[in-house]
Amino acid sequence: SAVISQKPSRDICQRGTSLTIQCQVDSQVTMMFWYRQQPGQSLTLIATANQGSEATYESGFVIDKFPISRPNLTFSTLTVSNMSPEDSSIYLCSVSLAGATGEQYFGPGTRLTVT
Amino acid sequence: GENVEQHPSTLSVQEGDSAVIKCTYSDSASNYFPWYKQELGKGPQLIIDIRSNVGEKKDQRIAVTLNKTAKHFSLHITETQPEDSAVYFCAVNTGFQKLVFGTGTRLLVSP
């Protein structure tokens with residue numbers, strides 16, 4: 001497995017502002033992903049963070065709202081832009097170590113509340 | 001796209017009983033089926049997984065069974081303990097290493 005950390009662990013933000021969430025892994029990984037988990041709900045994939053290139057977004061998520069960076073094999077950031085109360089969620093990064101059907105390991109999550 | 005249904009949404013058992021959670025999926029090409037446990041305030045933890053070339057896998061008190069023909073797989077927890085109380089998610093792979101998650105099952109184990 002891998003040790004994954006996220007910063008911040010939680011935050012309360014005002015409507016219209018932006019928050020950048022960091023994800024750090026203790027070893028080089030092949031794939032990094034960002035998920036959203038709305039209160040009491042399941043996990044929904046936002047995008048795949050590609051090292052050195054633009055992220056691949058899932059249907060319903062756009063780069064202008066959720067810009068993602070992955071400058072190297074152990075670090076990624078997700079920004080939640082122009083926030084509204086509907087963005088209040090837990091944001092999770094995950095990593096995959098193996099091949100095409102590799103296991104995914106999750107970070108502890110960032111709990112975001114937008115007021 | 002892939003559709004994953006998970007049942008039940010909540011499950012209450014007495015300590016020592018067994019618990020079974022079932023998931024069904026739609027894409028016959030899926031070949032990796034993990035289960036995650038999420039405790040309050042934490043990220044999901046991978047507890048067991050199974051691949052399509054295997055029908056059953058066990059790890060101490062937990063086991064997963066897969067029926068590819070019927071497109072369903074189940075998590076079995078025996079001799080449940082209060083610390084098993086959590087939300088459990090099944091998932092199915094789709095596309096290149098992507099996972100689609102079930103809706104979750106809240107398991108409550110009463111002493």
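Below, each value reflects all heavy atoms present in this structure, side chains not excepted, and no hydrogens, waters or symmetry copies. The chains referred to below are lettered A, B, ... by the order of the sequence lines, with proteins before strands, and numbering in each begins at 1.
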With a 4.5 angstrom heavy-atom cut-off, could you sort out which part of A:T48 is near chain B: side chain, backbone, both or neither?
side chain

Quick one: does A:Y35's side chain get under 4.5 Å of B:L99's, heavy atoms only?
yes

Are A:L97 and A:L45 linked, directly or through intermediate hydrophobic residues, by side-chain heavy-atom contacts shorter than 4.5 Å (ILVMFWY only)?
yes

Please check if the number of heavy atoms outside B:E83 that lie under 6.0 Å from its CD is greater than 12.
yes

Of the backbone (N, CA, C, O) and the side chain (C-beta and beyond), which part of A:L43 lies under 4.5 Å from a heavy atom of chain B, both, or neither?
both

Counting only heavy atoms not in B:K68, do more than 12 sit closer than 6.0 Å to its NZ atom?
yes

Residue B:E56 excluded, over 12 heavy atoms near CD under 6.0 Å
yes

Checking B:Q6 against chain A: side chain, backbone, both or neither under 4.5 Å from a heavy atom?
neither

May I ask you to check whether over 12 heavy atoms, not counting those of B:R61, lie within 6.0 Å of atom CZ?
yes

Is chain B contacted by the side chain of A:R111, its backbone, both, or neither, given a heavy-atom distance below 4.5 Å?
side chain

A:Q37 and B:F89: CA distance, side-chain angles, deciding distance, side-chain contact (heavy atoms from CB on, under 4.5 Å) verdict:
CA-CA 12 Å; A:Q37 186 176 28; B:F89 292 98; 3.6 Å; yes

Inter-residue atom distance B:Q97.CD - A:S94.OG, 0.5 Å rounding
9.5 Å

For the student: nearest non-hydrogen atoms of B:Y36 and A:Q104, plus distance:
OH-O, 2.6 Å

Hey, quick one: are B:V64 and B:Y25 part of the same hydrophobic cluster, counting side-chain heavy atoms closer than 4.5 Å, chains of contacts allowed?
yes

Interchain contact, B:P44 with chain A, by part (heavy-atom threshold 4.5 Å)
both

Looking only at heavy atoms and a cut-off of under 4.5 Å, which of B:G1, B:A91, B:G104, B:G102 has the most pairs with chain A?
B:G102

Kindly work out whether a path of hydrophobic side-chain contacts (I/L/V/M/F/W/Y, heavy atoms less than 4.5 Å apart) joins B:V100 to A:I46.
no

Crowding at CD1, A:I12 (>12 non-hydrogen neighbours, <6.0 Å)
no

Contact class of B:L46 relative to chain A, heavy atoms under 4.5 angstrom
side chain

Could you walk me through whether A:F106 and B:K42 satisfy the side-chain contact (heavy atoms from CB on, under 4.5 Å) test, starting with their C-alpha distance in whole Å, then the side-chain angles of each, then the deciding distance to 0.1 Å, before giving a yes or no?
CA-CA 9 Å; A:F106 283 83; B:K42 298 185 178 181; over 6 Å; no

